[in-house]
Amino acid sequence: MSSSYGRYNSQSQSYAPSAPEEPPYANYHQYASSNVPPPSNSSSNYHYGSVSSSGYSSFPPGTSQDVIRSFQMVDRDRSGFIDERELQQALSSGFHHFNLRTIRLLMFLFKNPHQPLTIGPKEFAALWNCLGHWRGIFERYDKDRSGKIDPLELRDALYGIGYAVPGSVLQLLLSKYGDGSGRRVELGFDSFVECAMIIKGLTDKFKEKDTRYTGSATLSYDAFMTMVLPFLVSYD
């Protein structure tokens, strides 16, 4: 399988960053050894700022109190994990209203391997930090301050962080956000994050196969399906 993606392909030794300048989300998943929830009556003993008596991992050192409070507000049973509806509530209060489709993609990308349908404090802090970076990019390229990203602004934003996405690919991606009226598609923050995460995730997966950074790779059918399907079925 071959592909070419502009700036990444043009510099074999030093290509532009493939995401906001932060560790990739795969590196955030450092978990505590225990995944046994605390008893339902132990909420007063759960300490989000440290390791709890149940063995849960906590928020990383230096995590903003606003982030911790946002998690606590939706983790009503004090289990130390939140589900997709609770995550939607937490992020919508802190950033922007997120539709459930975007939430499910984020859950897939930041999931806890021991609790795959939930995320814990470390994953939540990592996700919050990541969204802060994407918010900065969104605001930088929303040139007309409309609160929406149009196709040209999306193209410029992706190029600015290292993705020279072909116009045909961008058009295909944007088509899923149209309402069928033929009007120009404009993305809110949640849809922008969804688009960017899909591009980033698939590009990072492709780079694993394109170890020489040539913009081309040979993939088996199984490898191709394993690479692509999670981004298609994880959040619909």
Side-chain angles (χ1 to χ4, degrees), residues 1-11 15-22 24-25 87-88 91-92 94-110 127-207 210 213-217 224 227-236:
M1 179 179 180
S2 297
S3 179
S4 177
Y5 24 97
R7 293 171 66 189
Y8 161 44
N9 184 38
S10 67
Q11 298 178 356
Y15 52 88
S18 61
E21 294 181 358
E22 57 174 334
Y25 40 70
L87 178 62
Q88 182 183 39
L91 296 183
S92 295
F95 285 94
H96 171 91
H97 176 71
F98 279 77
N99 65 60
L100 199 56
R101 184 177 65 186
T102 306
I103 290 294
R104 286 171 178 162
L105 175 62
L106 295 174
M107 290 284 290
F108 163 69
L109 295 173
F110 287 86
L127 173 54
W128 192 281
N129 182 52
C130 183
L131 290 177
H133 283 268
W134 286 119
R135 168 59 78 180
I137 293 170
F138 182 90
E139 292 177 350
R140 187 187 317 155
Y141 288 94
D142 178 20
K143 301 293 179 58
D144 58 3
R145 297 295 182 264
S146 64
K148 301 281 187 179
I149 289 286
D150 65 31
L152 291 178
E153 292 170 335
L154 177 62
R155 180 201 64 187
D156 291 345
L158 292 174
Y159 186 83
I161 57 174
Y163 303 123
V165 182
S168 58
V169 175
L170 203 57
Q171 185 176 8
L172 180 63
L173 183 60
L174 286 170
S175 67
K176 69 182 293 185
Y177 300 98
D179 58 8
S181 67
R183 291 180 296 185
R184 184 178 67 168
V185 175
E186 295 184 322
L187 305 179
F189 179 59
D190 59 337
S191 295
F192 168 75
V193 167
E194 186 179 316
C195 280
M197 286 293 201
I198 291 171
I199 294 293
K200 170 181 164 43
L202 288 175
T203 301
D204 287 351
K205 289 293 185 182
F206 191 88
K207 283 183 183 179
D210 180 18
Y213 306 134
T214 63
S216 299
F224 170 76
M227 176 189 299
V228 173
L229 281 179
F231 290 90
L232 300 180
V233 303
S234 64
Y235 54 95
D236 284 334

Check the pair S191, N99 against side-chain contact (heavy atoms from CB on, under 4.5 Å), reporting the backbone distance first and the verdict last. CA-CA 8 Å; S191 295; N99 65 60; 4.2 Å; yes

Out of curiosity, [X] [atom1] to [Y] [atom2], how far, rounded to the nearest 0.5 Å?
{"X": "F108", "Y": "F231", "atom1": "CZ", "atom2": "CZ", "answer": "5.5 Å"}
{"X": "F192", "Y": "I137", "atom1": "CZ", "atom2": "CD1", "answer": "6.0 Å"}
{"X": "E153", "Y": "L187", "atom1": "CD", "atom2": "CG", "answer": "10.0 Å"}
{"X": "F138", "Y": "L131", "atom1": "CZ", "atom2": "CG", "answer": "12.5 Å"}
{"X": "R155", "Y": "D150", "atom1": "CZ", "atom2": "CG", "answer": "9.5 Å"}
{"X": "L87", "Y": "T102", "atom1": "CG", "atom2": "OG1", "answer": "11.0 Å"}

Answer yes or no: is there a side-chain heavy-atom contact under 4.5 Å between [X] and [Y]?
{"X": "Y141", "Y": "L154", "result": "no"}
{"X": "C130", "Y": "M197", "result": "yes"}
{"X": "L127", "Y": "L109", "result": "no"}
{"X": "I103", "Y": "D190", "result": "no"}
{"X": "L106", "Y": "L91", "result": "yes"}

Checking R135 side chain against F189 main chain: does a donor-acceptor pair fall under 3.5 Å? no

Return the set of residues passing salt bridge (charged side-chain N to carboxylate O under 4.0 Å, His left out) with D142 (not counting sequence neighbours), or none when no residue passes.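 So D142 forms no salt bridge (charged side-chain N to carboxylate O under 4.0 Å, His left out) with any residue.
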
Would you say E139 has more than 12 foreign heavy atoms packed within less than 6.0 Å of its CD? yes

Would one find more than 12 heavy atoms of other residues, nucleotides or ligands at under 6.0 Å from atom CZ of R183?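 Count not over threshold, so no.
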
Identify whether the distance between the nearest side-chain nitrogen and carboxylate oxygen of R101 and E194 falls below 4.0 Å.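 The answer is yes: the pair qualifies as a salt bridge.
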
Are E186 and R184 ion-paired here, with the side-chain N under 4.0 Å from a carboxylate O? yes

Atom of P151, atom of L170 and distance for their closest heavy-atom approach: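 The pair with the smallest heavy-atom distance is O-CD2, 4.0 Å.
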
Under the ring-ring contact (aromatic ring centres under 6.0 Å, His included) rule, what do W128 and F95 come out as? Steps first, then yes or no, please. CA-CA 9 Å; W128 192 281; F95 285 94; 4.8 Å; yes

May I have the step-by-step check of side-chain contact (heavy atoms from CB on, under 4.5 Å) for Y159 and V165, ending in yes or no? CA-CA 7 Å; Y159 186 83; V165 182; over 6 Å; no

